[in-house]
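Sequential numbering from 1 along the given sequence is applied to the chain's residues. Hydrogens, waters and symmetry mates are skipped; everything else that's a heavy atom, side chains included, is used.
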Amino acid sequence: MSNIYLQETIRKLWEKPSTHRFMNALSCLIKDTSLEELILETAAYAACRCYDKKYSGMLPHSLLGLEGAWSLTSFFYSKNRLLPLVQMMWYAMAEARSEEVDIKALIGTPPTFDILNLETFKKFYLERNFEKAFPLLVFLMRNPEGRKALFPFLISQVLSDEAQLGHKLIYVIKTWQFCEAMKWQQYHLYWFPVIHAVLKIPPQVEIFSLVESYFNQNSKVFLKSSSSVSELSEGVCHELKESLYNDEKTVTLEKFSQKISEGYTGESLFEGLKLASCELIAGTDFKHWMTSLHAFHVVHGLSEVLSECDASTQIRALLMSVLFIKKMAILSKPFEMPASHPLKTVDEKNTPCFFLEHAITKGDVSRALGALEFMIAENKITSAALELLAFLASKNTYSVLYGHDIKCAAACLKSYTTSHHPLKAIYLKALVKLLASQPKEQTIYHALQNTQMIKPGYYSTEGSFQF
């Protein structure tokens with residue numbers, strides 16, 4: 001299928017979106033189009049319409065949803081990998097309704113050599129001049145060397161900006177990762193809504209001044225510390241989590257500073273922060289899903305791009321994450337870890353995945369956690385079990401969590417599979433709690449199931465590799 005036909009078909013879907021029309025068009029497209037092409041072109045067109053002029057509410061999420069959906073497909077071994085992509089394609093068509101903008105016209109001709117440099121970009125960025133900064137960003141990002149210099153600067157800037165629960169930081173990191181995954185195809189389109197939002201949404205700097213002051217007072221100690229301890233013990237994790245939830249800001253900063261001076265690596269401390277933020281998801285009422293999830297998304301995103309930043313930015317990122325989790329924990333209180341109802345019968349223990357799916361579908365948090373805990377204890381967390389969780393995270397139409405369930409699943413499953421920490425099961429417990437707690441609305445799932453023979457989660461998997 002030609003790219004022009006694909007682009008025209010996707011563009012037409014935006015004009016009069018209906019589930020029936022969308023599914024018919026999708027059925028034709030996927031016969032001759034790779035999923036990568038489909039998501040690339042959908043994201044490219046969404047980017048042209050995924051922005052606001054005044055940003056009176058939250059910034060548009062559909063591009064973030066598409067990026068999260070693509071990440072989640074790595075946990076599917078069956079045709080069900082269509083599900084998160086289609087959910088977020090539909091979200092994009094429903095949400096990205098701004099007037100189409102001509103991004104190529106915004107970019108214009110290549111800047112002259114004397115202004116095509118990082119210093120000039122920084123000047124326009126700090127002036128919040130989108131019209132002049134955006135073209136420079138596009139041309140600086142043309143090659144790996146330019147990206148390598150530009151990305152740390154962007155991180156250093158959005159790190160201090162808490163506007164909209166840290167969305168600027170999340171948006172920059174996820175778009176960078178999406179471009180990396182797509183080998184920088186059409187990257188200029190995806191960065192338009194990101195930089196537009198970053199520069200047009202008024203900044204909110206609430207806690208970074210405390211971080212900056214604390215860093216300046218202790219910078220010599222921070223930068224001279226040797227990093228040799230690569231894992232936090234369970235006891236240290238518990239100690240730091242309790243401090244994050246309960247201590248005064250300066251006390252918590254001092255406790256993390258002590259761990260830095262004791263030689264704990266940034267990666268190990270960020271693992272502790274990720275685990276603490278997942279316990280926040282597991283232990284808060286569903287009505288606080290937005291604040292608890294954003295603590296995890298911010299910390300998870302930063303943990304994945306630490307290597308792109310210099311030592312001082314890494315320390316600032318750690319301290320900022322500490323205070324951000326603390327702020328989200330205050331907004332998410334009270335905490336109460338849900339009880340788990342253990343599996344008892346032979347049938348339940350023989351097919352725990354089936355009962356896990358049933359409990360999540362019925363919204364029974366205790367039984368879902370009981371099934372998960374049995375699977376963990378019996379070493380039954382296989383690739384099939386992870387695909388089941390990816391599938392269950394992809395069933396809800398966007399209107400429930402605006403794609404946050406898909407993004408959370410991608411982050412939790414990746415964290416679990418890459419971690420060697422003895423407490424890593426918390427990543428799965430947080431995800432299961434979220435999926436069981438959330439309301440269920442599955443219009444797109446049922447439509448896709450009817451047209452593409454998508455199988456129920458427990459019966460869909462083909463692989464079974466143990467983790």
Side-chain angles (χ1 to χ4, degrees), residues 7 40-56 58-64 66-67 92 95-161 163-164 166-205 301 305 308:
Q7 291 165 4
L40 270 169
E41 292 302 335
T42 303
Y45 190 61
C48 298
R49 305 183 67 164
C50 187
Y51 69 99
D52 287 334
K53 290 184 178 179
K54 295 184 178 180
Y55 294 102
S56 55
M58 287 293 183
L59 62 82
H61 275 57
S62 52
L63 193 59
L64 277 170
L66 286 164
E67 293 164 354
E95 187 211 39
R97 308 300 298 165
S98 297
E99 182 180 348
E100 183 179 353
V101 65
D102 187 346
I103 296 177
K104 288 186 178 179
L106 284 174
I107 297 170
T109 57
T112 56
F113 181 77
D114 59 316
I115 67 169
L116 184 54
N117 55 70
L118 184 58
E119 293 308 311
T120 306
F121 170 77
K122 288 180 179 180
K123 173 180 179 295
F124 292 139
Y125 182 101
L126 296 173
E127 292 172 354
R128 312 193 72 77
N129 188 331
F130 169 78
E131 288 72 18
K132 291 186 177 181
F134 179 61
L136 287 177
L137 175 135
V138 170
F139 285 102
L140 288 170
M141 279 189 168
R142 284 182 303 179
N143 56 67
E145 292 76 19
R147 296 169 209 151
K148 189 174 181 180
L150 193 57
F151 184 61
F153 170 75
L154 292 176
I155 292 294
S156 70
Q157 294 304 303
V158 293
L159 184 63
S160 65
D161 195 339
Q164 300 188 344
H167 273 134
K168 292 183 181 182
L169 179 64
I170 298 168
Y171 215 168
V172 166
I173 291 172
K174 295 306 176 188
T175 302
W176 172 270
Q177 292 175 323
F178 184 67
C179 289
E180 288 277 283
M182 295 299 182
K183 299 178 181 177
W184 293 84
Q185 300 174 73
Q186 304 192 89
Y187 73 92
H188 58 290
L189 301 177
Y190 311 129
W191 281 98
F192 158 69
V194 181
I195 300 303
H196 192 268
V198 165
L199 294 183
K200 295 292 185 179
I201 295 175
Q204 179 186 337
V205 183
V305 298
E308 304 287 344

Inter-residue atom distance [X].[atom1] - [Y].[atom2], 0.5 Å rounding:
| X | Y | atom1 | atom2 | answer |
| --- | --- | --- | --- | --- |
| Leu118 | Leu136 | CG | CG | 10.0 Å |
| Lys200 | Asp52 | NZ | CG | 12.5 Å |
| Phe153 | Ser156 | CZ | OG | 5.5 Å |
| Leu189 | Glu41 | CG | CD | 8.5 Å |
| Leu140 | Phe121 | CG | CZ | 7.5 Å |
| Leu199 | Gln157 | CG | CD | 9.5 Å |

Checklist outcome for this item: Contacts satisfying salt bridge (charged side-chain N to carboxylate O under 4.0 Å, His left out) that involve residues 135-161 (not counting sequence neighbours) are Asp161-Lys168
Side chain [X], main chain [Y], donor-acceptor under 3.5 Å:
| X | Y | result |
| --- | --- | --- |
| Thr175 | Val172 | no |
| Arg128 | Ile201 | yes |
| Asp102 | Lys104 | yes |
| Glu67 | Phe178 | no |
| Tyr187 | Val138 | yes |
| Glu308 | Val305 | no |
| Arg49 | Glu99 | no |

Heavy-atom pair with the smallest gap, counting every atom of [X] and [Y]:
| X | Y | answer |
| --- | --- | --- |
| Val205 | Ser160 | CG2-O, 3.6 Å |
| Gly301 | Ile173 | C-CD1, 3.5 Å |
| Gln185 | Tyr190 | O-CE1, 3.3 Å |
| Gln186 | Ala44 | OE1-CB, 4.0 Å |
| Ile103 | Cys48 | CD1-SG, 3.9 Å |
| Leu137 | Leu154 | CD1-CD1, 4.1 Å |

Checklist entry - If you draw a 6.0 Å radius around NZ in Lys122, do more than 12 non-hydrogen atoms from other residues or ligands fall strictly inside? => result yes
Checklist entry - Below 4.5 Å, heavy atoms only, C-beta onward: do Ile107 and Phe139 meet side chain to side chain? => result yes
Checklist entry - Can you list the residues that meet the side-chain hydrogen bond (donor to acceptor under 3.5 Å, both in side chains) rule with Glu100, with sequence neighbours excluded? => result Arg11, Tyr45
Checklist entry - For His196, which residues count as a side-chain hydrogen bond (donor to acceptor under 3.5 Å, both in side chains) partner, sequence neighbours excluded? => result Tyr55
Checklist entry - Charged N to carboxylate O under 4.0 angstrom, Lys123 versus Glu127? => result yes
Checklist entry - For Tyr171 and Trp191, what are the C-alpha separation, side-chain angles and deciding distance, and is it a side-chain contact (heavy atoms from CB on, under 4.5 Å)? => result CA-CA 10 Å; Tyr171 215 168; Trp191 281 98; over 6 Å; no
Checklist entry - Should the ring pair Phe130 and Phe134 be called parallel, tilted or perpendicular, given that the plane angle runs from 0 to 90° and is split at 30 and 60? => result parallel
